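Starting from 1, each residue takes its place in the sequence as its number. The structure presented is a predicted model; accordingly, all values stated were derived computationally and were not measured. Values below: every heavy atom of this structure, side chains too, minus hydrogens, waters and symmetry copies.
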Amino acid sequence: MSAQFQPAKQAQQLTPFASALAGAAGACFSNAVVYPLDVAKTRIQVTSSVARGKRKDDLNMLSVLVDILREEGPAGWYRGFTATMLNTFSMQYAYFFFYSIIRSSYIKRLTLKLPPGSKPPALSTAAELSLGAAAGALSQNFTIPVSVIATRQQVGRSVRESSLWPLEEEPTDESFLAVARDIIREDGVTGLWLGIKPGMVLTVNPAITYGVYERLKSLLLLAKSANSKLSPGMSFLLGAFSKTLATIVTYPYIMAKVRIQARAGDADASEDDCLPDGQNGKTKATRQTGALGLLLRVLRKEGFVGWYQGMSAQIIKAVLSQALLFVSKEQFEHWALAFMVLFAKVAAR
């Protein structure tokens, strides 16, 4: 978001490409710092009511991290790291790129309606939310296949299927290409776009985050001198508050999207909708329902609280990651600008 982060003079010098690069690099950095928390919150979100009932302890982030360390070693904390970073970079790059283009075009249209020399008015919260949602929807279409693969890798085949039946102890290939082949074999090519519908709904999440952040930021700067800027600490607090609010509003669909991508909803569906497979005696899971069907099933079996399973873990991870992004993005914009200058000098030779 080239025009969303101060100082404005620097942001105006960044092209959509450089702004997207800065945003994507900052997102990768912030997510890499808290990555073990990302794996833990994904495991919590996909845990079915059947598997959760078998646990003797509470299902929280700390207990899941300890379980992963005990059963898989430190490497388990970084399961699917490469795919997740690729997904983060591509998603954030596409989002910031599309947002920069859409926002710049919108401001130009506003400027054309004003008298010559007039400054365009500050965008309203509604406009910020709409532009962010449009950018998110565009980026989702191009990047969700990597998200599906990353989610499957984070969860792991054994964790995903153990709630349905005991697995045989045999090594499995869970590399990026192997997981992609498994998804295509199970659901066809369209399986790579599992969760696209709830993903479209969730485009309002970053829109709410950045819209609230920008509105609060404008109010704080308005109370200060014209040339002042937010301190890193205040940026962190605003980022944390904005992301928490967005997460609470959209969490049921966040949980539904993760379960759909991991096919974890099959475990709960198997209790009511599945018949034994005559060849091997295992339960044969039905095809995954949509987000609304999954949420209705969770509501029926677990009540309203089931929609918010793992929300605390999601908020901890998301708030830390988003706050780190807000704090570090200006520095990444400096580096992106320096990269542009260096590239221009090399190209001029």
Side-chain angles (χ1 to χ4, degrees), residues 1-2 4-5 10-11 14-42 74-101 132 135-136 138-155 175-176 179-180 199 202-203 205-207 209-210 213 232 235-236 239-240 242-243 246-247 254 257-258 261 313-340 342-343:
M1 298 182 184
S2 60
Q4 284 198 341
F5 292 87
Q10 176 192 328
L14 291 176
T15 64
F17 170 81
S19 180
L21 180 63
C28 285
F29 166 74
S30 61
N31 278 279
V33 172
V34 299
Y35 188 76
L37 305 183
D38 192 29
V39 175
K41 68 91 181 171
T42 301
W77 285 354
Y78 292 89
R79 177 186 287 272
F81 181 81
T82 301
T84 302
M85 290 300 104
L86 177 61
N87 172 55
T88 299
F89 186 87
S90 60
M91 180 65 186
Q92 292 294 327
Y93 182 89
Y95 180 83
F96 280 105
F97 182 77
F98 285 126
Y99 185 89
S100 297
I101 293 177
L138 286 171
S139 60
Q140 281 279 342
N141 287 290
F142 295 99
T143 61
I144 200 168
V146 184
S147 175
V148 175
I149 295 172
T151 300
R152 295 286 182 94
Q153 285 187 320
Q154 284 187 335
V155 175
S175 65
F176 187 90
V179 172
L202 290 174
T203 57
N205 186 288
T209 302
Y210 290 110
Y213 178 87
S235 295
F236 184 94
S242 302
K243 192 61 181 179
T247 300
I254 294 175
K257 178 186 175 183
V258 173
Q261 290 182 337
Q314 175 76 29
I315 289 178
I316 292 172
K317 181 267 172 181
V319 164
L320 290 176
S321 177
Q322 194 69 42
L324 285 170
L325 174 60
F326 278 125
V327 172
S328 64
K329 187 176 184 295
E330 185 173 324
Q331 182 60 51
F332 280 102
E333 285 184 339
H334 282 289
W335 291 341
L337 184 60
F339 175 80
M340 288 175 56
L342 178 62
F343 181 80

Discussion item. For a quick test of reading the model, state the closest non-hydrogen atom pair linking Ala150 to Thr84 and the distance between them.
Written reply: CB-OG1, 3.7 Å
Worksheet item: How would you list, by chain and number, every residue that makes a side chain to side chain donor-acceptor pair (under 3.5 Å) with Thr88, sequence neighbours excluded?
Response: none
Worksheet entry | Ser175: partners by side chain to side chain contact (heavy atoms under 4.5 Å, CB included), with sequence neighbours left out | Asp173, Ala178
Practice prompt. Please name all residues satisfying side chain to side chain contact (heavy atoms under 4.5 Å, CB included) with Phe142, sequence neighbours left out, ordered by chain then number.
Written response: Phe98
Fill in: Over all atoms of both residues, closest heavy-atom pair of Gly136 and Thr203
C-CG2, 3.3 Å
Worksheet item: Can you name the side chain to side chain donor-acceptor pair (under 3.5 Å) partners of Thr151, sequence neighbours left out?
Response: Gln261
Discussion item. Could you tell me if the side chain of Ile316 sits less than 4.5 Å from the side chain of Leu320, heavy atoms only?
Written reply: yes
Worksheet entry | Check: Leu86 main-chain N/O paired with Ser90 side-chain donor or acceptor under 3.5 Å | yes
Practice prompt. State, yes or no, whether a side-chain contact exists between Val146 and Phe176 at a heavy-atom distance under 4.5 Å.
Written response: yes
Worksheet entry | Partner residues of Ala24 under the side chain to side chain contact (heavy atoms under 4.5 Å, CB included) criterion, sequence neighbours left out | Phe89, Gln92, Tyr93
Item to complete: Output the distance between atom CH2 (Trp335) and atom CD (Gln331), rounded to the nearest 0.5 Å.
Response: 5.0 Å
Item to complete: Please report the closest heavy-atom contact between Ser321 and Ser30, naming both atoms and the distance.
Response: O-CB, 3.1 Å
Worksheet item: At their closest point, which heavy atom of Val33 faces which heavy atom of Pro36, and how far apart are they?
Response: O-CD, 4.5 Å
Practice prompt. Of all the heavy-atom pairs spanning Ala180 and Ile149, show the shortest one and how long it is.
Written response: CB-CD1, 3.7 Å
Item to complete: Kindly compute the distance separating NZ (Lys41) from CD1 (Ile315), expressed to the nearest 0.5 Å.
Response: 12.0 Å
Worksheet item: Will you find, in the side chains of Thr42 and Gln154, an N or O donor that is under 3.5 Å from an N or O acceptor?
Response: yes
Item to complete: Kindly write out the residues that satisfy side chain to side chain contact (heavy atoms under 4.5 Å, CB included) with Phe81, not counting sequence neighbours, or none if the list is empty.
Response: Ala32, Tyr35, Tyr78, Met85
Response to the item:
Residues at least two apart in sequence or cross-chain that pass side chain to side chain donor-acceptor pair (under 3.5 Å) with Asn205, listed by chain then number, are Lys243, Thr250
Fill in: Pairwise salt bridge (charged side-chain N to carboxylate O under 4.0 Å, His left out) hits with a residue in residues 81-94, at least two apart
none
Worksheet entry | Residues that Gln153 engages under side chain to side chain donor-acceptor pair (under 3.5 Å), provided they are two or more places apart | none
Discussion item. Quick check against the 3.5 Å criterion: does Asn87 have a side-chain atom that pairs as donor or acceptor with the backbone of Ala83?
Written reply: no
Worksheet item: For Lys257, which residues count as a salt bridge (charged side-chain N to carboxylate O under 4.0 Å, His left out) partner, sequence neighbours excluded?
Response: none
